[in-house]
Colleague: 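Let me begin by handing over the structure; questions about it come next.
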Amino acid sequence: MEILLDIIRSVDYNILLLIADKLRGGVLDPVMTVLSLMGNGGAVWIETAVLLLFFRKTRRAGVAMLLALAAGYVIGNLCIKELVMRPRPFVTHSDLTALLDPGDPWSFPSGHALSSFAAATALWCFHKKTGVLALVLAALIAFSRLYASVHYPTDVLAGMLIGIALAHAAAFLTDRIIDTFHSIRLRKGDK
């Protein structure tokens, strides 16, 4: 098992080195910084979800996004990060330099990837075309965390997978809750 972990750690580190050596610098630095900042606290996704709540056609997507984001915060940031306590790449490897301040000391899983994929996938569950655009933004935000050397690739991958799973659960729950609410309202209206 230890050999497998060593291989994963080596691949993680070498991917970050490749990004730092081949991509970092120039015009991409501010672009990736902005993308990363967009994902801070899930702000862009929370704002989008709240906006979607105002329109009947997109309300389910907004509810599912908020549920997925809330679950992701609790599971990813409050539980898994505090249990795993994996140091950030730039802390472990002195040859990697962080492009920005990550805010907290722990790396696994990536909260930016988790929140981005949770929200974008929840949107995709209800609105495929818009959801694809959101997933592209989610992927860019997730990649920006690698580019900035504040997450390992496995941190981002774990965040993506957890976010996608939570989004599907949130979409399912949203449909059930709203359908139940509507059927109760209809029955009360019949009386």
Side-chain angles (χ1 to χ4, degrees), residues 8 11-52 58 61-62 64-73 75-77 80-81 86 88-90 93 96-104 106-168 170-171:
I8 291 170
V11 169
D12 262 355
Y13 171 63
N14 285 314
I15 290 171
L16 290 180
L17 269 182
L18 182 69
I19 292 169
D21 289 344
K22 302 294 182 193
L23 298 176
R24 287 263 303 255
V27 72
L28 273 182
D29 283 6
V31 170
M32 289 298 162
T33 300
V34 167
L35 283 166
S36 194
L37 292 173
M38 285 175 66
N40 281 358
V44 69
W45 304 112
I46 293 168
E47 292 167 5
T48 301
V50 169
L51 180 66
L52 294 177
T58 59
M65 288 172 74
L66 291 173
L67 281 175
L69 285 164
Y73 178 74
I75 292 168
N77 287 43
I80 299 174
K81 271 193 180 193
R86 182 183 196 184
R88 302 264 181 193
F90 66 90
H93 304 281
L96 294 172
T97 306
L99 186 63
L100 45 86
D101 179 8
D104 68 73
W106 309 127
S107 184
F108 185 89
S110 166
H112 281 67
L114 197 161
S115 64
S116 294
F117 276 87
T121 304
L123 178 57
W124 177 85
C125 286
F126 294 96
H127 303 281
K128 300 294 188 236
K129 289 179 183 176
T130 309
V132 167
L133 295 174
L135 285 166
V136 169
L137 178 59
L140 290 170
I141 289 172
F143 179 75
S144 75
R145 304 303 282 174
L146 300 176
Y147 186 92
S149 295
V150 295
H151 281 292
Y152 292 101
T154 50
D155 302 336
V156 169
L157 179 62
M160 290 169 57
L161 294 174
I162 295 166
I164 290 167
L166 290 175
H168 284 287

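Remember, predicted model here, so these are calculated numbers, not experimental data.
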Colleague: Scan the side chains in residues 19-26 for donor-acceptor partners under 3.5 Å anywhere in the protein, sequence neighbours excluded, and list what turns up.
Modeller:
unit_1, atom_1, unit_2, atom_2, d
R24, NH1, T97, O, 3.0
R24, NH1, Y147, O, 3.1
R24, NH1, S149, OG, 3.2
R24, NH2, T97, O, 2.9

Colleague: Can you give me the closest heavy-atom contact between V27 and V31, atom names plus distance?
Modeller: O-CG2, 3.4 Å
Colleague: How long is the gap from CG on L100 to OG on S144, to the nearest 0.5 Å?
Modeller: 7.5 Å
Colleague: Could you tell me which non-hydrogen atom of W45 sits nearest to which non-hydrogen atom of A119, and how far apart they are?
Modeller: CB-CB, 3.5 Å
Colleague: Rounded to the nearest 0.5 Å, what separation is found between the CZ atom of R86 and the CD1 atom of I80?
Modeller: 13.5 Å
Colleague: What's the shortest heavy-atom distance between A167 and A122, and which atoms?
Modeller: CB-N, 3.4 Å
Colleague: Output the distance between atom CD1 (I162) and atom CG (L114), rounded to the nearest 0.5 Å.
Modeller: 5.5 Å
Colleague: Report the C-alpha separation of L67 and L166 in whole Å, then their side-chain angles, then the decisive distance to 0.1 Å, and conclude whether the side chain to side chain contact (heavy atoms under 4.5 Å, CB included) test is met.
Modeller: CA-CA 8 Å; L67 281 175; L166 290 175; over 6 Å; no
Colleague: Ignoring hydrogens and angles, tell me if any N or O in the side chain of T58 forms a donor-acceptor pair with the backbone of L52 under 3.5 Å.
Modeller: yes
Colleague: Output all residues satisfying ring pair (Phe, Tyr, Trp, His ring centres under 6.0 Å) with H93, sequence neighbours left out; order by chain, then residue number.
Modeller: Y13
Colleague: Go through the structure and list residues passing salt bridge (charged side-chain N to carboxylate O under 4.0 Å, His left out) with R88, not counting sequence neighbours.
Modeller: D104
Colleague: Apply the test side chain to side chain contact (heavy atoms under 4.5 Å, CB included) to residues Y73 and S115: give CA-CA distance (whole Å), side-chain angles for both, the deciding distance (0.1 Å), then the verdict.
Modeller: CA-CA 7 Å; Y73 178 74; S115 64; over 6 Å; no
Colleague: Could you go step by step and tell me if H168 and W124 meet the side chain to side chain contact (heavy atoms under 4.5 Å, CB included) rule?
Modeller: CA-CA 10 Å; H168 284 287; W124 177 85; 4.0 Å; yes
Colleague: Using 0.5 Å steps for rounding, measure from the NE2 atom of H151 to the CZ atom of F90.
Modeller: 9.5 Å
Colleague: In this structure, are over 12 heavy atoms from other groups packed under 6.0 Å from K129 atom NZ?
Modeller: no
Colleague: If the condition is salt bridge (charged side-chain N to carboxylate O under 4.0 Å, His left out), which residues does D29 pass it with, not counting sequence neighbours?
Modeller: none
Colleague: Please identify each residue that fulfils side-chain hydrogen bond (donor to acceptor under 3.5 Å, both in side chains) with S36, with sequence neighbours left out.
Modeller: R145
Colleague: Kindly compute the distance separating CG (L135) from OG1 (T121), expressed to the nearest 0.5 Å.
Modeller: 5.0 Å
Colleague: Provide the closest heavy-atom pair for H127 versus A61 in the form atom of the first, atom of the second, distance.
Modeller: CD2-CB, 3.7 Å
Colleague: For L133 and L137: C-alpha separation, side-chain torsions, deciding distance, then whether side chain to side chain contact (heavy atoms under 4.5 Å, CB included) applies.
Modeller: CA-CA 6 Å; L133 295 174; L137 178 59; over 6 Å; no
Colleague: Show the nearest heavy-atom pair for residues Y152 and P89, with the distance to one decimal.
Modeller: OH-CA, 3.4 Å
Colleague: Which heavy atom of A120 sits nearest to which heavy atom of A138, and what is that distance?
Modeller: CB-CB, 4.0 Å
Colleague: What I'd like to find out is whether the side chain of L37 reaches to under 4.5 Å of the side chain of T33, using heavy atoms alone.
Modeller: yes
Colleague: I'd like to check P153 versus L146 (side-chain heavy atoms, cut-off strictly below 4.5 Å). Are they in contact?
Modeller: yes
Colleague: What residues form a side-chain hydrogen bond (donor to acceptor under 3.5 Å, both in side chains) with N77, not counting sequence neighbours?
Modeller: none
Colleague: Below 4.5 Å, heavy atoms only, C-beta onward: do L161 and L157 meet side chain to side chain?
Modeller: yes
Colleague: Are side-chain heavy atoms of N14 and L18 found at a separation under 4.5 Å?
Modeller: no
Colleague: Any chance you could measure F143, atom CZ, to H112, atom NE2, to the nearest 0.5 Å?
Modeller: 15.0 Å
